[in-house]
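Data first, discussion second: the structure below is written as structure tokens.
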Amino acid sequence: EGNLNVGALDQQGNNNFAYIFQDGNTNEGYASQLGDSNSAETLQIGNLNDSEIDQDGDSNFGTGSQSGNRHVSNIVQDGDSNVASARQINRRNESDIVQQGDSNFSSVLQNGRRNENFSNQIGFSNNNQVRQFGRRHVSNVLQLGDFNKNVTVQIGRRNESNVFQI
């Protein structure tokens with residue numbers, strides 16, 4: 001539904017699943033999968049949203065769910081058995097999740113306006129969870145190595161969090 005929406009899928013491998021649903025106007029959704037048994041889902045309800053999922057490896061799961069206007073969500077997974085989820089509500093939130101390695105988990109929920117998340121995991125079995133409620137929060141997470149765990153919760157306005165784990 002809607003007008004001027006763009007959706008594109010590129011899959012190479014076996015048993016991959018991709019789903020893009022856009023209800024609104026001028027949304028862009030992209031999913032690229034190289035490998036086997038990957039799953040990518042994007043659901044956008046609102047206007048002027050952009051969601052991209054790029055998976056290279058096997059058994060990865062990525063979902064970008066956005067409700068409202070002018071959100072940007074990017075998920076990049078390079079490895080096997082990674083899980084990444086970005087959920088954004090209201091307007092003008094941005095989330096970037098990058099996972100390199102295997103069995104990493106990253107979940108981001110942003111409800112408000114102009115919140116930003118930048119999460120990067122390099123290694124094995126890292127766990128990252130970011131929750132931001134309000135306006136103009138910034139969360140930066142860098143996890144290097146194996147078995148790191150992070151939970152960030154920000155409520156209100158203009159909070160900034162920087163997490164670096166080795």
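Because only heavy atoms are used, hydrogens play no part in the values below, and waters and symmetry mates are left out as well, while side chains stay in.
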Using only atom types and a distance under 3.5 Å, with no angle test, would you say the side chain of H137 pairs donor to acceptor with the backbone of G156? yes
Please report the interatomic distance CG(N115) to CD(Q132), rounded to the nearest 0.5 Å. 5.0 Å
Quick check on side-chain hydrogen bond (donor to acceptor under 3.5 Å, both in side chains): which of N104, N126, N127 does N148 satisfy it with? N126
Can you find a heavy atom in the side chain of S106 that is under 4.5 Å from one in the side chain of Q121? yes
Working to the nearest 0.5 angstrom, can you tell me the gap between Q100 CD and D78 CG? 6.0 Å
Side-chain (E41) to main-chain (G64) donor-acceptor, under 3.5 angstrom: no
Considering only Ile, Leu, Val, Met, Phe, Trp and Tyr, and joining two whenever side-chain heavy atoms are under 4.5 Å apart, list the other residues clustered with V151. I89, L109, F133, V153, I155
Quick one: are S119 and Q99 in side-chain contact, heavy atoms under 4.5 Å? no
State, with a plain yes or no, whether a side-chain heavy atom of S59 is found less than 4.5 Å away from one of D80. no
Q154 side chain to S161 main-chain N or O, any donor-acceptor pair under 3.5 Å? yes
Residue set satisfying side chain to side chain contact (heavy atoms under 4.5 Å, CB included) with R135, at least two apart, ordered chain then number -> R113, R157
Rounded to the nearest 0.5 Å, what's the gap from CG on N60 to CD on Q77? Could you check? 4.5 Å
Take a 6.0 Å sphere around CZ of R91 and say whether it holds more than 12 heavy atoms from other residues, nucleotides or ligands. no
Results of side chain to side chain contact (heavy atoms under 4.5 Å, CB included) for R136 - residues two or more places apart only: R114, R158
Which distance, rounded to the nearest 0.5 Å, do you find between the OG of S73 and the CD of Q88? 5.5 Å
Mind listing the closest non-hydrogen atom pair of N49 and Q66 along with its distance? CB-NE2, 3.6 Å
Where at least one partner belongs to residues 21-71, residue pairs that pass ring-ring contact (aromatic ring centres under 6.0 Å, His included), sequence neighbours excluded: none
Minimum-distance pair of heavy atoms, taken over all atoms of F17 and Q33: O-NE2, 3.3 Å
Straight-line distance of S81 OG to D102 CG, nearest 0.5 Å: 6.5 Å
Check this for me: R87, atom CZ, are more than 12 non-hydrogen atoms of other residues, nucleotides or ligands nearer than 6.0 Å? yes
Among all residues two or more places apart in sequence or in another chain, which pass the side chain to side chain donor-acceptor pair (under 3.5 Å) test with N90? none
Result for side-chain contact (heavy atoms from CB on, under 4.5 Å) between E116 and one of V138, N93, N140 points to V138
N150: side chain to side chain donor-acceptor pair (under 3.5 Å) partners, not counting sequence neighbours: N128, T152
Given the options N74, V72, T42, S51 meets side-chain contact (heavy atoms from CB on, under 4.5 Å) only with T42
So, do T63 and S85 sit near enough that their side-chain heavy atoms are less than 4.5 Å apart? yes
Please answer whether the main-chain N or O of G24 pairs with a side-chain N or O of N5 as donor and acceptor at a distance below 3.5 Å. yes
Are N3 and N25 packed together at the side-chain level, in the sense that at least one heavy-atom pair is separated by less than 4.5 angstrom? yes
Measure across Q22 and G7 and return the closest heavy-atom pair with its distance rounded to 0.1 Å. OE1-N, 4.3 Å
Minimum side-chain heavy-atom gap D146-S125 below 4.5 Å: no
Cluster partners of I20, using ILVMFWY side-chain heavy atoms under 4.5 angstrom, listed by chain and number? L9
Pairwise side-chain contact, N117 with Q110, heavy-atom cut-off 4.5 Å (strictly under): yes
Under the 4.5 Å side-chain heavy-atom rule for ILVMFWY, direct or indirect, which residues accompany I166? I122, L142, L144, F164
The criterion is ring-ring contact (aromatic ring centres under 6.0 Å, His included); which residues satisfy it with F147, sequence neighbours excluded? F124
Supply the atom-to-atom distance N15 CG to D36 CG, rounded to the nearest 0.5 angstrom. 7.0 Å
Which atom names give the shortest non-hydrogen contact between Q44 and G29, and what distance separates them? OE1-N, 4.2 Å
Considering only heavy atoms from C-beta outward, does the side chain of L4 approach that of T26 to under 4.5 Å? yes
Just to verify, what does E52 make a side chain to side chain donor-acceptor pair (under 3.5 Å) with, not counting sequence neighbours? none
Side-chain hydrophobic cluster, 4.5 Å single linkage: members besides V130: I53, I75, I97, V108, V141, V163
Output all residues satisfying side chain to side chain donor-acceptor pair (under 3.5 Å) with N16, sequence neighbours left out; order by chain, then residue number. N38
